[in-house]
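What follows is a short report on a single structure.
Start at 1 with the first residue, then count along the sequence.
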Amino acid sequence: MAAGTESFGRLPAVFTTPGSSSFVEFLNVAAPQLLPGRRPLPAGYNADVTAHATTIVGITCEGGVVLAGDRRATMGNLIAQRDIEKVYAADAYSLVGMAGTAGIGLELIRLFQVELEHYEKIEGAMLSIDGKANRLATMVRNNLGAALQGLAAIPLFAGFDLHATDPAKAGRIFSFDVAGGVYEETGYDALGSGSIFARSALKKTYRPGLSVDDAVSRAVGALYDAADDDTATGGPDLIRNLYPIVWTATAEGSQRVPDEQVAEIARAEVEARRDNPVG
C-alpha cells in the first residue's frame, strides 16, 4: 500500500479537506514526523557526528541584494565536503543560505522552497518579503529541540522587495536566531563560523548604493577574508576550480552569478592578496 493512502487506495481526508495555505501546517497534520525538529534524537549532544556548513554573506546593493557562500563543510577537524552548496533561490525574488548542521539546513531550505511555492499556488499571489521571513522563522523555531542537542541550522534570508516604495531600499536581508527570532539587517550581514571575519571585511568595504557587480566582488572578498582566519571556511580552490556560490535578487528575479564570472573575481582577489598578503 502506498504511503499516505487508505487500505482501499483513496487518499486520507487530510489531503482533500480545505485548510491553510501553509505546506508546513499541512505536513504537521498529515505527517509530522517528516518535519525537521520533530524526529526523536538520541540523548546527549550530537553536534560532532554531522557535517557543518559555513560561511554566508549578504550585501544589499543598488537594485537588489547579493547572497554568497563558501564551499566547505567540516566535521570536527576534518573537511567533510569541499564543494557543498549553501545558497539557493528561495523563489523568484528571494534567496536563502544556511550555516550549521548541513543535513538539517539543506532540508530546511527545501521545505522553505516548497512552502513558498505551495502558498503561491493556493493563494494565487506571492507572500510579501516580511511574510516569507516570518514563515522561515517559524521553521527555525520548530527545530529548537534538535538545536539544543547540537543540531542547529540557521538561515540567512535576502530578497528583492516588490512593494518597496524606495527602489534604493528594495534589497533586504534578514537574520535569525536559534529560537526563531527574525531581525532585519542594514547593508550587510554574515553567518557561520567565519562570519566575524567576513563581517569585519564588509565593515571596511561596504558603501550604500553599490552596483550589483561591486557587491558580488565584495562578497567574494569577504569570504576570502573569512577563509584566511577561519579553518572551517573554504577559500578559492584554484586546483579543483571550486569558488563561492553567488546569487543575486533584483527586479529581474533571482539569478545565480555564472561560475566563470565568480572564478574570475576570485582569481583576481588571490592575485591582489599575493601582491599585498597582509592587506
Between the side chain of R172 and the main-chain N/O of D161, is any donor-acceptor distance below 3.5 Å? no

Test side-chain contact (heavy atoms from CB on, under 4.5 Å) on L127 and E115 and set out the steps. CA-CA 10 Å; L127 265 172; E115 172 80 355; 5.8 Å; no

Nearest-0.5 Å distance, CZ of residue R218 to OH of residue Y188: 12.5 Å

Would you say the side-chain atoms of T60 and Y206 include a donor-acceptor pair closer than 3.5 Å? yes

Test side chain to side chain contact (heavy atoms under 4.5 Å, CB included) applied to V66 and T250, T248, I173, the passing residue: T248

As a quick check of understanding, evaluate side-chain contact (heavy atoms from CB on, under 4.5 Å) for M98 and L108, giving each step before the final call. CA-CA 9 Å; M98 63 85 190; L108 186 72; over 6 Å; no

I'd like to know if E85 pairs up with R256 as an ion pair, taking the criterion as any Lys NZ or Arg NE/NH1/NH2 lying under 4.0 Å from an Asp or Glu carboxylate oxygen. yes

Report the relative orientation of the aromatic rings in F157 and F112; use parallel for angles under 30°, tilted for 30 to 60°, perpendicular for over 60°. perpendicular

May I ask you to decide whether E107 forms a salt bridge with R110, counting only side-chain N to carboxylate O separations under 4.0 Å? no

For D228 and Y224, indicate whether the former's side chain and the latter's backbone hold a donor-acceptor pair under 3.5 Å. no

Residue of the set T55, L95, L67 for which side chain to side chain contact (heavy atoms under 4.5 Å, CB included) holds with L156: L67

Salt bridge or not for E271 and R267, using N-O below 4.0 Å? no

